[in-house]
Amino acid sequence: MASRLRRRKRSPWLVTLLLLFILIGLCYAVVRVYFRAPDQKAGDVTMIQRVNTPAVSEDLSNEEAEALRSHYERKPQFWTILVSGVDDGNGKSDTNILMALDAKNGHVYGVSIARDTKSLIQGKNRKLNAAYGLGGIELLADTISDQLGVPVDYTVLVDLKAFEALVDAVGGVDFYIPVDMNYEDPYQNLSIHFSKGMRHLTGAEALKVVRCRSAYASQDIGRMQTQQDFLKAVAKKMLSPASLTKLDDYCNIFVEYVDTELTVGNLGWMGAQVAAMGMDNIEFATLPGEWHDPYIYLDQEEVLTMVNEHLNPYTEDRTPEDLNILT
């Protein structure tokens, strides 16, 4: 039976974690570095080079060549950033969110992309989360870019150990576990056993709680809600007066467990932009599609609408021909 993925305006836990690190980057930048906007990458370099190549341009009228160039003209102060969390030990990405930062218009939009999304990876049909194991964050970004018809300007790779370290840095967190959790996975050396109710969680315990899917009838949807609620609890404790004295600890966690081409100064600049926008201008959703075992199949029409409304860094709308949605 097909299961419809609906758009959700709840922040996945990894995005919430990223926003916490942006806040850390903002504080760090105030003290140690200067704010700096990320460099904006050019449009589709390959396509622009093709248009400017005599062998290609000779077959085009001036109007046709100009139309192609215009199709890849970038909007000012608009970046796309892929945020991915590394799954423990299996060589795949656990969570993938493509974020769009539109600093000119004061808006942030994040789209969670299901890890079972049917994707063309190295010439074969595979689940999206296999891309990281086959070619790292670069192949994962290229795969998502090919599917959605937009570039990925920057990547942020978060080791799940960062989550554990952050919880321990704030001294653990009191949290209400919404369901009984009992799960064993010898392959990942994972043993999860918690009773429903309030509990003080260490970093290692918290990581188990937010990773558990089998306890929920809705699997990932239920897990994402728990992840969001827990990260809100972490954020609240991080912003308490006592925890603000641990800024150096937070910065060290960022340096050790987060891998990105963005500098701390870039993150500080983006943090300032996001803070000025306010929460009403930060929105999250899930890329629309349907589950047909073993894949989630994206809805091309709805995906194209979402891309053009929120994720498109180009001045012109993308067309169906720009996307590569597998059926």
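Cluster annotation: Leu262 is not connected to Phe78 through the hydrophobic network of ILVMFWY side chains, with a link wherever side-chain heavy atoms come within less than 4.5 Å. Hydrophobic clustering places Tyr183 together with Val179 (ILVMFWY residues linked when any side-chain heavy atoms are closer than 4.5 Å, directly or through intermediates).
With sequence neighbours excluded, no residue satisfies side chain to side chain donor-acceptor pair (under 3.5 Å) with Arg126. Among residues two or more places apart in sequence or in another chain, the side chain to side chain donor-acceptor pair (under 3.5 Å) test is passed with Thr80 by Asp153. Applying the ring-ring contact (aromatic ring centres under 6.0 Å, His included) criterion to Phe175, with sequence neighbours excluded, gives Phe230. Residues passing the side chain to side chain donor-acceptor pair (under 3.5 Å) test with Thr117: none are found, sequence neighbours excluded.
At a threshold of 4.5 Å between non-hydrogen side-chain atoms, the residues Leu120 and Asn125 count as touching. With a 4.5 Å cut-off on side-chain heavy atoms, Ser84 and Thr155 do not count as touching. In this structure, the side chains of Tyr132 and Leu157 come closer than 4.5 Å at one or more pairs of heavy atoms. Between Pro313 and Val150, some side-chain heavy-atom pair lies under the 4.5 Å cut-off. Residues Glu283 and His107 are in side-chain contact: their nearest non-hydrogen atoms beyond the backbone lie under 4.5 Å apart. Between Tyr154 and Pro38 there is a side-chain heavy-atom pair separated by less than 4.5 Å.
Asn281 contributes a side-chain N or O that, together with a main-chain N or O of Met277, makes up a donor-acceptor pair within less than 3.5 Å. Judged by distance alone, the side chain of Asn252 and the main-chain N or O of Glu256 form no donor-acceptor pair under 3.5 Å. Checking side-chain atoms of Lys75 against main-chain N and O of Asn312 turns up a donor-acceptor pair under 3.5 Å. Of the possible polar contacts, none joining the Asp168 side chain to the Ala165 backbone as a donor-acceptor pair under 3.5 Å is found.
In this structure, the separation between NZ on Lys127 and CD1 on Ile296 is 9.0 Å, given to the nearest 0.5 Å. The CG atom of Asn324 lies 9.0 Å from the CD atom of Gln300; values are rounded to the nearest 0.5 Å. Atom CD1 in Ile121 sits 6.5 Å away from atom CG in Leu139 (nearest 0.5 Å).
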### Message
Run His310 and Val111 through side-chain contact (heavy atoms from CB on, under 4.5 Å) and show every step you take.
### Response
CA-CA 9 Å; His310 302 291; Val111 174; 5.9 Å; no
### Query
Should Arg74 and Tyr314 be marked as a side-chain contact (heavy atoms from CB on, under 4.5 Å) after you check the CA-CA gap, both sets of side-chain angles, and the distance that decides it?
CA-CA 4 Å; Arg74 293 288 300 250; Tyr314 299 120; 3.7 Å; yes
### Criterion side-chain contact (heavy atoms from CB on, under 4.5 Å) on Thr226 and Tyr216, from CA distance to verdict
CA-CA 10 Å; Thr226 296; Tyr216 308 96; 2.6 Å; yes
### Task
Please step through side-chain contact (heavy atoms from CB on, under 4.5 Å) for the pair His200 and Met198, ending with a clear verdict.
CA-CA 7 Å; His200 184 81; Met198 181 64 71; over 6 Å; no
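Side-chain contact check for Gln147 and Ser119: at least one donor-acceptor pair (N or O, by modelled atom type) lies under 3.5 Å. Side-chain N/O atoms of Asn266 and Thr263 include a donor and acceptor closer than 3.5 Å. A donor and an acceptor atom, one from each side chain of Asp142 and Ser145, are nowhere located under 3.5 Å apart.
Summarising the local packing, CD of Glu301 is surrounded by 12 or fewer heavy atoms from other residues, nucleotides or ligands at distances under 6.0 Å.
A side-chain contact (heavy atoms from CB on, under 4.5 Å) with Leu287 is found for exactly one of Leu148, Leu98, Leu128, namely Leu148.
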Expected list for residues 99-106: side-chain donor-acceptor pairs under 3.5 angstrom, two or more places apart:
{"unit_1": "Asp102", "atom_1": "OD1", "unit_2": "Lys104", "atom_2": "N", "d": "3.4"}
{"unit_1": "Asp102", "atom_1": "OD1", "unit_2": "Asn105", "atom_2": "N", "d": "3.2"}
{"unit_1": "Asp102", "atom_1": "OD1", "unit_2": "Asn105", "atom_2": "ND2", "d": "3.4"}
{"unit_1": "Asp102", "atom_1": "OD2", "unit_2": "Asn105", "atom_2": "ND2", "d": "2.9"}

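Remark: Arg115 fails to qualify as a cation-pi partner of Tyr295 under the 6.0 Å distance and 45° angle criteria applied to the six-membered ring.
Using cut-offs of 30° and 60° for the angle between ring planes, the His292 and Tyr297 rings count as perpendicular.
The salt bridge (Lys or Arg N to Asp or Glu O under 4.0 Å) contacts involving residues 192-210 comprise Arg199-Glu205, where partners must be two or more places apart or lie in separate chains.
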